[in-house]
Amino acid sequence: MATITSNPSNALAGDVPVPGDKSLSHRALMIGASAVGETEITGLLGAEDVMATLNALRALGIEISQDTDSSGAEPVWRLWGRGVGGLAEPASVLDLGNSGTGARLLMGLLASHPFNAVITGDASLRERPMARITEPLSRMGASFTARDGELLPITVHGSDRLRGADETLAVASAQVKSAILLAGLNTQGETTVIEPNPSRDHTELMLRYFGADVRTQDQPGGARRIRLAGYPELTGAKVIVPGDISSAAFPLVASLLVPGSKVTLRRAGLNPLRAGLLDCLRDMGAAISVSNATDQGGEAIADLTAEHGPLKGITVPAARAPSMIDEYPILAVAAAFADGISHFEGIAELRVKESDRLSAMAEGLAACGVQVVEGADSLTIHGLGGAPKGGAEIAAKLDHRIAMAFLVLGAGAEKPISIDDGATIATSFPEFLDLMNGLGASMEPGEVQL
Ligand code: S3P
């Protein structure tokens, strides 16, 4: 395992593009594979999670190639979709590595294909709950053989005779919603999903962009109903993937924490259902400005500029969780530097991410000298109103966001922080160290000198 140490940093400065959005990259590949004809994708995230989905689609008979754009600088991916229901039976196990999104969305897609396929993943993914996916897909008519009832490896026994779903989700989960919608593509009739609070709507927007009839309707009490008409005629399209706000979050918060910093992050995706972190940071008093706002395929994009300044503790209500579910680790780091107590409510879902992020943040912050109370589904952080002590070694637990959050903490702490496994960062943000060091941080391979 590759240890990485983050030393206290000088002021961060610069202007950098944000790497492609992971959620949208998975969807561009899977929806492109389900369309007829060529789909051209620029800005695709070149990280392990997305490559795992890409390789799985190749194993399912989709031809995918890579070249560069006319300037020679930007990779362009092309894939030749085989239409709704057009995937071929794979000759090998599909290994989705660390990617929950890849595995879960692919289970949805495969559920409506009349063959068997085995999905597995790394040690983290093999422990993540899958009943939330297999149960609704079983009600549509697919069946599954899973280890211990719901864990990977899972064999998907698909069928091209599924019934359209009519599901009301207990938890707002874009992965569950998307798996059901993708199963609904090769299914006669209508598929309906009701979510308790709106989760990221990338699947709905992209399916519509490729030609599907997808309708959404807000319900009383904050719920949302999504309806998809089966057997849509999806046509290959050009997709430009915006930058990932969940990756931008790390340099963004680092520049709020390290004195004297000012950083601009270009072309970050600002879908309102992903932008909860910005609301929280602004509530904390952060100076963040938005410029050059545009729209691409229904997805909002803008440049973000963040400047160092004092932060104050906040309470984050449970209703905000779906719009920032991946950002709690880095928000917890910001809260450690803030003046006063921060309280995050309704975050039990963090326990079933790439690691148990609630306990990973509580343990890691405590090791860095921050007082934390870990509740069953909440986290209370006693902000120091300045730099934590640091000087700790943190276990990354096969979780890229835990690794990056603590490296950012190290940039602003009094003493260095090391993480035991930097390799996990490549699942979502392979250029993280280069980008951070390019801005002025000091993150390097090797152990912390305590
Ligand atoms: C994702 C949805 C979220 C998020 C994950 C990506 C997606 O998971 O945590 O990183 O692309 O749909 P849940 O749907 O389980 O909340």
Side-chain angles (χ1 to χ4, degrees), residues 19-31 44-45 47-50 52-53 96-109 121 124-125 127-136 150 167 169-183 193 195-207 224 226 241-242 244-250 269 271 273-277 299 318-331 346-358 360 377 398-405 424-425 427-429:
D21 186 89
K22 183 151 72 71
S23 290
L24 281 162
S25 294
H26 288 293
R27 287 158 171 82
L29 292 168
M30 292 193 205
I31 296 172
L44 188 84
L45 175 65
E48 286 171 9
D49 275 14
V50 174
T53 287
L96 274 299
N98 192 250
S99 180
T101 308
R104 290 176 170 147
L105 270 56
L106 202 59
M107 276 194 247
L109 204 55
S124 154
L125 189 56
E127 293 307 317
R128 297 185 64 187
M130 295 294 163
R132 54 180 61 196
I133 300 290
T134 57
E135 283 171 2
E150 72 155 319
E167 287 288 332
L169 307 185
V171 177
S173 162
Q175 292 182 351
V176 177
K177 168 179 67 178
S178 301
I180 297 169
L181 293 175
L182 292 176
V193 184
E195 44 183 1
N197 292 303
S199 66
R200 65 189 71 190
D201 58 355
H202 302 312
T203 305
E204 297 93 303
L205 294 174
M206 199 178 286
L207 281 172
R224 179 173 280 186
I226 302 110
V241 178
D244 198 326
I245 183 69
S246 299
S247 296
F250 297 99
N271 181 315
L273 296 172
R274 292 280 300 279
L277 175 73
E299 295 284 352
R320 202 179 273 178
S323 68
M324 53 170 297
I325 194 67
D326 292 333
E327 279 62 80
Y328 284 96
I330 193 62
L331 184 68
I347 51 173
E349 272 294 298
L350 295 193
R351 295 203 183 275
V352 291
K353 295 295 176 187
E354 285 82 329
S355 70
D356 176 346
R357 287 183 176 159
L358 239 174
D377 74 343
L398 283 178
D399 190 330
H400 52 131
R401 298 200 202 281
I402 296 300
M404 290 187 279
T424 184
I425 294 171
T427 62
S428 72
F429 197 166

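When a residue number appears, it is its place in the shown sequence, counting from 1. Read the numbers this way: they start at 1 and go in the same order the structure lists the ligands and their atoms. Worth knowing before you read on, the calculation uses all heavy atoms, side chains too, and leaves out hydrogens, waters and symmetry mates.
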Next on the checklist: For atom 6 (C) of ligand 1, what's the nearest protein heavy-atom neighbour? Residue, atom name and distance, please.
Outcome noted: Thr101 OG1, 3.3 Å
Checklist entry - Side chain or backbone of His202 under 4.0 Å from ligand 1, or both, or neither, by non-hydrogen atoms? => result neither
Next on the checklist: Determine whether Leu207 and Thr203 satisfy the following criterion, side-chain contact (heavy atoms from CB on, under 4.5 Å), listing intermediate values before the conclusion.
Outcome noted: CA-CA 6 Å; Leu207 281 172; Thr203 305; 3.8 Å; yes
Next on the checklist: Below the 3.5 angstrom mark, is there an N/O of Lys353, backbone or side chain, next to an N/O of ligand 1?
Outcome noted: yes
Next on the checklist: Can you see whether His26 engages Thr101 through a side-chain donor-acceptor pair at a distance of less than 3.5 angstrom?
Outcome noted: no
Checklist entry - Any sub-3.5 Å donor-acceptor pair from Asn197's side-chain atoms to Ala319's backbone N or O? => result no
Next on the checklist: For ligand 1, which is the ligand I care about here, please tell me if Asp326 has any N or O atom under 3.5 Å from one of the ligand's N or O atoms.
Outcome noted: yes
Checklist entry - Numbering the atoms of ligand 1 from 1, which are under 4.0 Å from a heavy atom of Ser173? => result 13 (P), 14 (O), 15 (O)
Checklist entry - ligand 1 versus His26, non-hydrogen atoms closer than 4.0 Å: side chain, backbone, both, neither? => result neither
Next on the checklist: Is it the case that ligand 1 has an N or O less than 3.5 angstrom from some N or O of Arg27?
Outcome noted: yes
Item to check | Numbered atoms and elements of ligand 1 in range of Ala174, under 4.0 angstrom, heavy atoms | outcome: 12 (O), 14 (O)
Next on the checklist: Run the side-chain hydrogen bond (donor to acceptor under 3.5 Å, both in side chains) test against Glu195 and tell me which residues pass, sequence neighbours left out.
Outcome noted: Lys177, Ser199
Item to check | Per-atom contacts, ligand 1 versus Ile325 - under 4.0 Å to a heavy atom | outcome: 4 (C), 9 (O)
Checklist entry - Is the shortest side-chain N to carboxylate O distance from Arg401 to Glu327 below 4.0 Å? => result no
Checklist entry - Can you list the residues that meet the side chain to side chain contact (heavy atoms under 4.5 Å, CB included) rule with Ser25, with sequence neighbours excluded? => result Leu44, Leu45, Val50, Val241
Checklist entry - Does a salt bridge link Arg132 with Glu349, judged by any charged N lying under 4.0 Å from a carboxylate O? => result yes
Item to check | Heavy atom of the protein closest to atom 11 (O) of ligand 1 (residue, atom name, distance) | outcome: Ser23 OG, 2.7 Å
